[in-house]
Amino acid sequence: MAAPPADGRPLTRTRWARHLFRRFERPAPSAPRTAALHIGLFLLTLITTTLAGIELTQAQEEPLNWLPWRVFLLRGPALWAELQRGLWFAVPFLGVLTVHEFGHYFTARYNRVRTSLPYYIPFPMGLGTFGAIIRIRERIFSRREFFDIGLAGPLAGFVVAVGVLIYGFTHLPPLDYLFAVHPDYAQYGADYARHVYPAGSSGGYTLARPLLYRWLETALADPARLPHVNELLHYPVLLAGALSLFFTALNLLPLGQLDGGHILYGLLGPGRFNRLVLVLFVGFIFYAGLGLFSVRDDWQSWAYAAPVYAGYLALIFWRVLPRPRQGLLLAAGIWGAQVACTAVWPAAVGNPGWLLFGLLLGRLTGIYHPPAPDERPLSRGRKLLGWVMVAIFVVCFTPSPIK
């Protein structure tokens, strides 16, 4: 029960009713205030992604640093030169992100589903953003609407991402650009990679290249100008395109209420989808935690890290099955299978970075898809487009995006 107003004035029934109205029935924000919020978040995200582009294109061993706000201490041509370098990353990257979100927005409006404009999420390190989201303000009525709204965003963003990569591969700068970033490479000329990255050397961070990226690279890029994979961070347009493919694939993961979950739910219906998604989620967590524990590890690793991992598995699988006990048994089975797999294949290693994403899916959004009041199946054309999106997911996805 809400606490009464404590301003010292006599409490009357009318004042009490007005207090409750203000507390539980607050009016919606005004249009100017809402517009200012969306525009402000976009401009702030444009600034943070521009700074991220500046940071990423510098010669450094650790690319995931705090954003270089010190750039704004520069003046005149020096400041503009830095900002221009960052904008070559920020504009295409935010362009793909914006087209993706407005694909959702306009499709929702076409289906008369109330939704917000995109909320951009700035972040003070790394890529400068956590992406953008829109808020669906009412229940979606049909399976077709779930499918259409979920598909429109990644499809629109994918088309723009491919355009960004085509431009990047057909407008590669000469090697002098890379030598300006790494002057010590110039002594080796076009053969710098053989000297800087000898066989078997990791050479720092490597951004994984999905199948589609490799196909476009082979078809369009000039081999004499193509950077070594370890130098991709210094090519802002290619970096924006590669990251856009990854985030497209991330949204297309066929789990829960991600875009890929909406698409697969539309294709299969709630019954088949919710049975399949449990298998997919188990495989996802199995891969993510593969290699964390091995029978060859010392007792300290098991003593200190094992309780944390056991708690993690219990937390995400607690409500996945109808009974908590079943979820805990499933979690224990996954852990046992991971240890057994590494005992047989010691080199089998997953990607622990996915464990955080698994926690978000398992505890916050859920892995299952709610049913719609109208469960009529999709038309043949939509089914074909849905399986095309599954194929797009395959050619854009990489299990370890950063190595």
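Residue indices begin at 1 and follow the sequence shown. What you see is a predicted model, and the numbers here were worked out from it, not measured in a lab.
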Between Asp259 and His100, does any side-chain donor sit less than 3.5 Å from a side-chain acceptor?
yes
Hits for salt bridge (charged side-chain N to carboxylate O under 4.0 Å, His left out) against Glu101, two or more places apart or cross-chain, chain-then-number order -> none
Do any side-chain atoms of residues 237-253 form donor-acceptor pairs under 3.5 angstrom with protein atoms, and if so which ones, sequence neighbours left out?
unit_1: Ser244; atom_1: OG; unit_2: Ala240; atom_2: O; d: 2.7
unit_1: Thr248; atom_1: OG1; unit_2: Ser244; atom_2: O; d: 2.8
unit_1: Asn251; atom_1: ND2; unit_2: Phe247; atom_2: O; d: 2.8

For the residue pair Tyr119 and His38, does the interplanar ring angle fall in the parallel (under 30°), tilted (30 to 60°) or perpendicular (over 60°) class?
tilted
Would you call the rings of Tyr265 and Phe146 parallel, tilted or perpendicular, taking 30° and 60° as the class edges?
perpendicular
Pairs under 3.5 angstrom only: tabulate donor-acceptor contacts from the side chains of residues 157-165 to other protein residues two or more places apart or in another chain.
none

Looking at Glu217 and Arg214, is any side-chain nitrogen of the basic one under 4.0 Å from a carboxylate oxygen of the acidic one?
no
Regarding Tyr110 and Glu145, do their side chains bring together a donor and an acceptor under 3.5 Å, going by distance alone?
no
Between Tyr309 and Gln338, is a side-chain contact (heavy atoms from CB on, under 4.5 Å) present by the stated rule, with each step listed?
CA-CA 12 Å; Tyr309 188 58; Gln338 289 171 336; 2.8 Å; yes
Tell me, please, which residues at least two apart from Asp374 pass side-chain hydrogen bond (donor to acceptor under 3.5 Å, both in side chains).
Arg376
Sorted by chain and number, sequence neighbours left out, side-chain hydrogen bond (donor to acceptor under 3.5 Å, both in side chains) with Asn111 holds for Arg144
For residues 219-227, please give each side-chain donor-acceptor pair under 3.5 Å, one per line with the distance, not counting sequence neighbours.
unit_1: Asp222; atom_1: OD1; unit_2: Ala224; atom_2: N; d: 3.1
unit_1: Arg225; atom_1: NH1; unit_2: Leu172; atom_2: O; d: 2.8

Please lay out, stage by stage, how Leu127 and Thr48 fare under the test side-chain contact (heavy atoms from CB on, under 4.5 Å).
CA-CA 8 Å; Leu127 302 177; Thr48 55; over 6 Å; no
Sorted by chain and residue number, the side-chain hydrogen bond (donor to acceptor under 3.5 Å, both in side chains) partners of Tyr213 (sequence neighbours excluded) come out as none
Show every salt bridge (charged side-chain N to carboxylate O under 4.0 Å, His left out) that has at least one partner inside residues 289-304, sequence neighbours left out.
none
Residues in ring-ring contact (aromatic ring centres under 6.0 Å, His included) with Tyr185, at least two apart?
His182, Tyr192
Before we go on, tell me: are the rings of Phe317 and Phe281 under 6.0 Å apart, centre to centre?
yes
Could you check whether Tyr177 and Tyr235 have their ring centres less than 6.0 Å apart?
yes
Is the distance between the ring centroids of Tyr287 and Trp354 less than 6.0 Å?
no
Please list, chain by chain and in numerical order, all residues satisfying side-chain hydrogen bond (donor to acceptor under 3.5 Å, both in side chains) with Arg109, sequence neighbours excluded.
Tyr105
Restricting to ring-ring contact (aromatic ring centres under 6.0 Å, His included), what partner residues turn up for Phe357, sequence neighbours left out?
none
Per the salt bridge (charged side-chain N to carboxylate O under 4.0 Å, His left out) rule, what does the pair list look like for residues 155-165, sequence neighbours excluded?
none
